[in-house]
Peer 1: 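Questions regarding the structure given below will be posed in turn.
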Amino acid sequence: MSLYENIKTKITSQLLEAANKAKLAGELNFEELPSFVLEEPRERQRGDLATNLAMVLAKQAKRSPRDIAVALIKHLETSGTWIESSEIAGAGFINFRLNPVWLTGVIGEVLKAGDDYGRVDIGKGQKIQVEFVSANPTGLLHMGNARGAALGDSLASLLSKAGYEVTREFYINDAGNQIHNFGLSLESRYLQLLGQDVPFPEGGYHGEDLVDTVKGLIAKVGDKYLSVEQGLRREFLVRYALDEKMRNIRETLEDFGVEYDVWFNEQSLHDSGAVRSTMEELEKKGYIYEKEGAHWLRSTQFGDEKDEVVIRSNGSPTYFAADIAYHRNKFDRGFNKVINIWGADHHGHVARMKGAMSALGYEADNLQIILMQLVRLIQNGEVVKMSKRSGQYITLRELMDEVGKDAARFFFNLRDPDSTVEFDMDLARAQSSDNPVYYVQYAHARLCSILRQSEELGDLGTPPTEEDLLRLDSTEERDLLKKMADLPSEIIVAARLMEPHRLARYVLDLAGLFHTFYNSQRVLVEDDGLRRARLNLVRAVKQIVGNVLAILGVSAPERM
RNA sequence: GCGUUCGUAGUUCAGCUGGAUAGAGCGUCAGACUUCGAAUCUGAAUGUCGGGGGUUCGAAUCCCUCCGAACGCACCA
């Protein structure tokens, strides 16, 4: 446990003890201690930590919060807690001021832990899977996928930092109706490009990239497949195009800094009989009924708005059926928790998917679905309706070319998945230099620059003494140290809430505090002791900035 | 029509799952480089937290209702 976590835990337990002692002394009356918080007050003049314990006790104790606070403070044991003073304020808050000396210990803690600073263990080695992007291989990756990739990958890194054993997975929709359509589209393009006047299929994929794929194919095999039997021809075209599309998706994501552990084929679920056996299982449990020739899942029993078809009247399973088998497979692989990141346009599927898991006897809460709102693209001051049909969309590749991987990933991770973000292409292009990511990266480069110069000055070796470190007592230094001490707590909260965007905020704040410090204090001063202390501070800040950027998948440049 | 999510400064967004005087970036205005990187810093102005009710010591946060937006409501995925 980190220094700061330790202190907070200690104070919390002392508060509990104080409440019990006050009760024994007959000064306070309560049955059960309600939950309370010990947190940093918004305004730092109020102190370092504050608790609302007296306020939440008011109801049970039938006394005013301020009276209760007096009793609590009277019985509070402060030795070993760094508490320097306690005071009652406002409606009944108890504010604590800590002896700032504890802060200097943070630097040593950071440098000792190195890349592991911020690592916590709330996961306790539990296996957790994050499935994200899982884009259809029938087209190119777009802005929505970019957001999903940034979110999913950073969440996975965050959870891993928090002590979970994480698997990143991509589900490839290489079966079913959509692939059938894909085959028809490919065939049509193939014939068209070879001069035949054939119609484009209804509901086909209009994307230009598909035409390019077929052109590439023709360059290799020519008109060889004109004479091949239709079924075989389509099969070949699909296999070829799928392979090319998936390779492209894979490479694009890799360039975006995302590496998957597992690429899972939908087709394998059909081949292995998993889809069929899963449906039989559901049938056996009585959750399936027949109507109008189709098989339906009673998903309404689990809160869905309507029952869903799993086997069509023509006998073929729906996408949903395969998806149920897929999620069953996930749990059977031993994941304690399974996380899906879906676009908000799929929110209607949440209830039925969880319902299907309940029906199969799994704990639905172990399947967690994070919905992210869609990305609204602005171009020339206007909202661009994105759709694959119209071909009106910006690809992930274009996004990286335009604004860069780091800026894109940071941008998405700065926002709550629940907010519809506006992405102004022109702004991203024109103002790329005042993108927040550069603020953080600049801080990192600056930190590196200071360290480089200290080396040139021959400032190696000798570590600062305890006394040297105690001289880091300006408000700028203390604010910075406090923020540094806070990282483990931030990781815990972010991992618990599955909100990596908190870390982007954190590192932005940290960079800001560093810039402020930099402008008010000089690091490379004549005074040996003070210089050594500040250099260690710089080393530690650099370490943390690097650690957090790594979680976010953003590079930490030494120069820029 | 029903459902899900959202509505916070001119603008883009935070707001730690109920706490003290609602915060940042950009933009605006005024300042800081003979000194470690000015892609930085310091200061100033800016709010009906969409409207209205309720719950309680206390609400941007929870509940109800209305307004507005996005997205769902296929034997598509």
Side-chain angles (χ1 to χ4, degrees), chain A residues 37 39-43 46 50 52 55-56 58-59 64-65 89-93 95 136 138 173 176-179 181 203 266 291-296 305-306 308-320 322-323 343-351 371-374 376 383 411 414-424 427 431-443 445-454 457 489-490 493-494 496-497 499 501-502 504-506 508-509 511-512 514-525 531 534-535 538 559-560:
Chain A
V37 293
E39 60 183 2
E40 287 168 47
R42 216 186 286 273
E43 288 86 24
R46 298 182 190 281
N52 64 350
M55 287 147 93
V56 295
K59 195 163 222 172
S64 85
F93 286 97
N95 295 334
N136 289 330
T138 50
N173 303 128
N177 222 345
Q178 145 174 297
I179 290 301
N181 276 335
E266 177 185 352
K291 193 179 87 183
E292 293 159 7
H295 294 243
W296 301 69
E305 293 170 37
K306 53 191 255 319
E308 297 293 327
V309 172
V310 284
I311 310 282
R312 300 185 185 89
S313 48
N314 67 11
S316 67
T318 59
Y319 171 87
F320 182 44
D323 221 13
D345 53 339
H346 285 68
H347 65 76
H349 302 214
V350 176
L371 294 174
M372 46 169 202
Q373 297 298 316
L374 305 182
R376 220 157 16 137
V383 178
F411 175 84
L414 213 42
R415 278 142 178 91
D416 184 316
D418 261 341
S419 64
T420 14
V421 303
E422 276 191 5
F423 197 97
D424 190 323
L427 213 66
Q431 301 195 332
S432 62
S433 72
D434 58 29
N435 185 303
V437 74
Y438 297 107
Y439 184 81
V440 179
Q441 289 185 320
Y442 181 68
R446 202 178 225 183
L447 286 156
C448 291
S449 168
I450 297 170
L451 293 175
R452 271 197 301 274
Q453 287 177 57
S454 79
L457 294 171
S489 313
E490 294 282 351
V493 174
R496 207 163 263 154
L497 299 172
E499 294 181 348
H501 74 271
R502 284 165 188 282
R505 300 275 159 192
Y506 171 83
L508 214 44
D509 286 348
F514 165 68
H515 284 310
T516 300
F517 156 73
Y518 178 89
N519 278 279
S520 71
Q521 251 91 21
R522 202 180 154 76
V523 176
L524 301 174
V525 290
R531 187 179 65 249
R534 288 192 175 149
L535 273 172
V538 165
R559 299 170 201 267
M560 53 193 286

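Numbers restart at 1 for each chain; the letters A, B, ... are given by sequence-line order, proteins then strands.
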Peer 1: Can you tell me the distance, in whole Å, between the OH atom of Tyr506(A) and the P atom of rC16(B)?
Peer 2: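 That distance rounds to 18 Å.
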Peer 1: For Ser313(A), what residues pass the side chain to side chain contact (heavy atoms under 4.5 Å, CB included) criterion, not counting sequence neighbours?
Peer 2: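 Ser313(A) satisfies side chain to side chain contact (heavy atoms under 4.5 Å, CB included) with no residue once adjacent residues are dropped.
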Peer 1: Could you tell me which residues satisfy ring-ring contact (aromatic ring centres under 6.0 Å, His included) with Tyr319(A), sequence neighbours excluded, listed by chain and number?
Peer 2: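 Not a single residue meets the ring-ring contact (aromatic ring centres under 6.0 Å, His included) criterion with Tyr319(A).
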Peer 1: For Tyr506(A), check ring-ring contact (aromatic ring centres under 6.0 Å, His included) against everything at least two apart and list the hits.
Peer 2: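 So Tyr506(A) forms no ring-ring contact (aromatic ring centres under 6.0 Å, His included) with any residue.
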Peer 1: Not counting sequence neighbours, which residues clear side chain to side chain contact (heavy atoms under 4.5 Å, CB included) with Asn181(A)? List them please.
Peer 2: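 Testing Asn181(A) for side chain to side chain contact (heavy atoms under 4.5 Å, CB included), a comparison that skips the adjacent residues, returns Leu184(A), Tyr205(A).
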Peer 1: Going by atom types only, do Ser316(A) and Asn314(A) share a side-chain donor-acceptor pair under 3.5 Å?
Peer 2: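 The criterion, which ignores hydrogens and geometry beyond distance, is satisfied for Asn314(A) and Ser316(A).
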Peer 1: Would you kindly give the OH-to-P distance between Tyr439(A) and rA39(B), to the nearest whole Å?
Peer 2: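 In whole Å, rA39(B) P and Tyr439(A) OH are 13 Å from each other.
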Peer 1: Tell me: CE of Met55(A) to P of rA20(B), nearest whole Å?
Peer 2: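 After rounding, the reported distance stands at 9 Å.
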Peer 1: Roughly, in whole Å, what's the span from CZ in Phe517(A) to C1' in rC41(B)?
Peer 2: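 From Phe517(A) CZ to rC41(B) C1': 14 Å.
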Peer 1: How would you list, by chain and number, every residue that makes a salt bridge (charged side-chain N to carboxylate O under 4.0 Å, His left out) with Arg534(A), sequence neighbours excluded?
Peer 2: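 Arg534(A) satisfies salt bridge (charged side-chain N to carboxylate O under 4.0 Å, His left out) with Glu477(A) only.
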Peer 1: Closest nucleotide of RNA chain B for Asn181(A) versus for Ala50(A): which of these residues is on the 5' side?
Peer 2: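 This one resolves to Ala50(A).
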Peer 1: Which residues pass the side chain to side chain contact (heavy atoms under 4.5 Å, CB included) test with Leu497(A), not counting sequence neighbours?
Peer 2: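 Counting only residues at least two positions away or on another chain, Leu497(A) forms a side chain to side chain contact (heavy atoms under 4.5 Å, CB included) with Val493(A), Glu499(A), Arg502(A).
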Peer 1: Does the base of rC71(B) carry an N or O that pairs as donor and acceptor with the side chain of His347(A) under 3.5 Å?
Peer 2: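 Indeed there is one.
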Peer 1: Apply the syn/anti split at 90° from 0 to rC33(B) and say which one it is.
Peer 2: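 Syn, angle within 90° of zero.
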Peer 1: Are the aromatic ring centres of Phe320(A) and His349(A) under 6.0 angstrom apart?
Peer 2: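 When the ring centroids of Phe320(A) and His349(A) are compared, they turn out to be at least 6.0 Å apart.
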Peer 1: Apply salt bridge (charged side-chain N to carboxylate O under 4.0 Å, His left out) to Lys306(A) and list each qualifying residue two or more places apart in sequence or on a separate chain.
Peer 2: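 Once residues adjacent in sequence are excluded, the partners of Lys306(A) under the salt bridge (charged side-chain N to carboxylate O under 4.0 Å, His left out) criterion are Glu308(A).
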Peer 1: Just how far, in rounded Å, is P of rA20(B) from CG of Asn52(A)?
Peer 2: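 Value for this atom pair: 11 Å.
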Peer 1: Tell me the interatomic distance from His346(A), atom NE2, to rA70(B), atom P, rounded to whole angstroms.
Peer 2: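 Distance check: His346(A) NE2 to rA70(B) P gives 20 Å.
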Peer 1: What is the distance, rounded to the nearest whole Å, between atom CZ of Arg446(A) and atom C1' of rA38(B)?
Peer 2: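 Roughly 8 Å, once rounded to whole Å.
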Peer 1: Looking at residues at least two apart in the chain, or sitting in another chain, which of them share a side chain to side chain contact (heavy atoms under 4.5 Å, CB included) with Ile179(A)?
Peer 2: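 Applying side chain to side chain contact (heavy atoms under 4.5 Å, CB included) to Ile179(A) gives Phe182(A), Val238(A), Leu242(A).
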Peer 1: Would you give a per-nucleotide map of nucleotides 29-35 of chain B, 5' to 3', where B means the base has a protein non-hydrogen atom under 4.0 Å away, S means only the sugar-phosphate does, and - means neither?
Peer 2: ------B
Peer 1: Kindly say whether, by distance alone, the side chain of Asp345(A) makes a donor-acceptor pair under 3.5 Å with the base of rG72(B)?
Peer 2: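 A donor-acceptor contact between them is absent.
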Peer 1: Starting at atom CG of Leu374(A), determine the distance to atom C1' of rA69(B), rounded to an integer number of angstrom.
Peer 2: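 In whole Å, rA69(B) C1' and Leu374(A) CG are 13 Å from each other.
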Peer 1: Stacking between Phe93(A) and the base of rG19(B) (centre distance under 5.5 Å, interplanar angle under 30°)?
Peer 2: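 One would not call Phe93(A) stacked on the rG19(B) base.
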Peer 1: Whenever both distances are under 3.5 Å in a Watson-Crick or G-U wobble pair, mark it; put RNA chain B into dot-bracket that way, with [ ] for crossing pairs and | when the partner is on another strand.
Peer 2: (((((((..((((.....[...)))).(((((.......))))).....(((((..]....))))))))))))....
Peer 1: Using the salt bridge (charged side-chain N to carboxylate O under 4.0 Å, His left out) criterion, which residues pair with Asp416(A)? Sequence neighbours excluded.
Peer 2: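 Per chain and number, Asp416(A) pairs via salt bridge (charged side-chain N to carboxylate O under 4.0 Å, His left out) with no residue.
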Peer 1: Determine, for nucleotides 5-13 of chain B in 5'-to-3' order, which nucleotides have protein heavy atoms under 4.0 Å from the base (write B), from only the sugar-phosphate (write S), or from neither (write -).
Peer 2: SS-----SS
